[in-house]
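Some notes on the structure that comes next.
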Amino acid sequence: MSAGQGEGELLGSIAAYARGTDYHDILPARMKELVQFIEEQVGGPIKNRWYTDTGPILERDLAQRAGIGWIGKNTCLIHPKQGSYFLLSEIFLDLELEPDAPFTTDHCGTCTLCIEACPTDCILPDRTLDARRCISYLTIELKDDIPVELREEMGNWIFGCDICQMVCPWNRFAPEGDPAFSDKEPPPVLTDDLTLTPWAFNQRFKRTPIQRAKRRGYLRNVAVALGNTGNMHALPVLQNAINDEEPLVREHAKWAINKITK
């Protein structure tokens, strides 16, 4: 799932779920259709409410209780046939339904590949995660400076991270994903993206999850990724970024220049 460096280009990596259309723009319409179908079956309107990462819902725990899969050592929900590359959404209905049996078995066994592969050591042995060290948190949710001691470990990830899923043996069996979420764009070129103006950023990433990081957060991540390439060809664009209107971008561009020149 990761993009590497092409000849003459310095490429960034984006988590698989964020490479296509934002799931918040796709799943609600599908849930609405499902509710309409259920109402047709019961012959009348039903009180309902739906969510997809949009409310205070323990989605993974509910999914496990509904029999979808187990929560792995990387804290992802894992389906024995679908792997972990999927999105969760739920509909609450004012309707009596026969519950499914919960998924009670754990198929991680003695495997520790995800724990060993995590570059920032954020996956803990007790099936919890130190979000403060997670690359997904650092590149999306964190709004301030990325801790200096973690920047090198981020590699070329500029939005999210799939490493713990990439090494998971259960994803070897995962089928092709929904075409609605397919990646329609080539891997981002880091030197190009560091020059994005606010208007260009909004135009390029509207209706995608990347909007969540905002331009300052995204360019911050791109600067760190360029620093990690160690490539001297990145210096001119990083030098220009020192004059960016956002202090967050300027600070991380300076760090990247220092890392490359060392």
Quick one: do Leu248 and Phe201 end up in the same hydrophobic cluster if we chain Ile, Leu, Val, Met, Phe, Trp and Tyr together by side-chain heavy atoms under 4.5 Å apart? no

Would a single hydrophobic cluster contain both Val167 and Ile123, if residues Ile, Leu, Val, Met, Phe, Trp and Tyr are joined by side-chain heavy-atom contacts under 4.5 Å? no

May I ask you to check whether over 12 heavy atoms, not counting those of His107, lie within 6.0 Å of atom NE2? yes

Is any side-chain heavy atom of Ile135 less than 4.5 Å from a side-chain heavy atom of Cys118? no

Aromatic rings Trp70 and Trp170: how do their planes relate, parallel, tilted or perpendicular, breaks at 30° and 60°? perpendicular

Does Arg250 CZ have over 12 foreign heavy atoms under 6.0 Å away? yes

In terms of relative ring orientation, are Tyr23 and Tyr17 parallel, tilted or perpendicular, with 30° and 60° separating the classes? perpendicular

What's the spacing between Arg151 CZ and Asp145 CG if we round to 0.5 Å? 6.0 Å

Those residues at least two apart in sequence (or on a different chain) that pass side-chain hydrogen bond (donor to acceptor under 3.5 Å, both in side chains) with Arg30 are Asp178

Identify, with sequence neighbours excluded, every residue that meets side chain to side chain contact (heavy atoms under 4.5 Å, CB included) alongside Leu95. Ile38, Val42, Ile46, Leu93, Leu97

Validation row: Leu11, Val189 side chains within 4.5 angstrom (heavy atoms): yes

Check whether any side-chain heavy atom of Asn228 sits under 4.5 Å from a side-chain heavy atom of Asn156, and report yes or no. no

Ser84 and Asn171 side chains, donor-acceptor separation under 3.5 Å: yes

How long is the span from the SG atom in Cys168 to the CG atom in Asp162, to the nearest 0.5 Å? 12.0 Å

Would you call Arg204-Asp192 a salt bridge at under 4.0 Å N-O? no

How would you list, by chain and number, every residue that makes a side chain to side chain contact (heavy atoms under 4.5 Å, CB included) with Glu153, sequence neighbours excluded? Pro119, Thr120

Between His252 and Glu246, is a side chain to side chain contact (heavy atoms under 4.5 Å, CB included) present by the stated rule, with each step listed? CA-CA 10 Å; His252 289 74; Glu246 292 286 351; over 6 Å; no

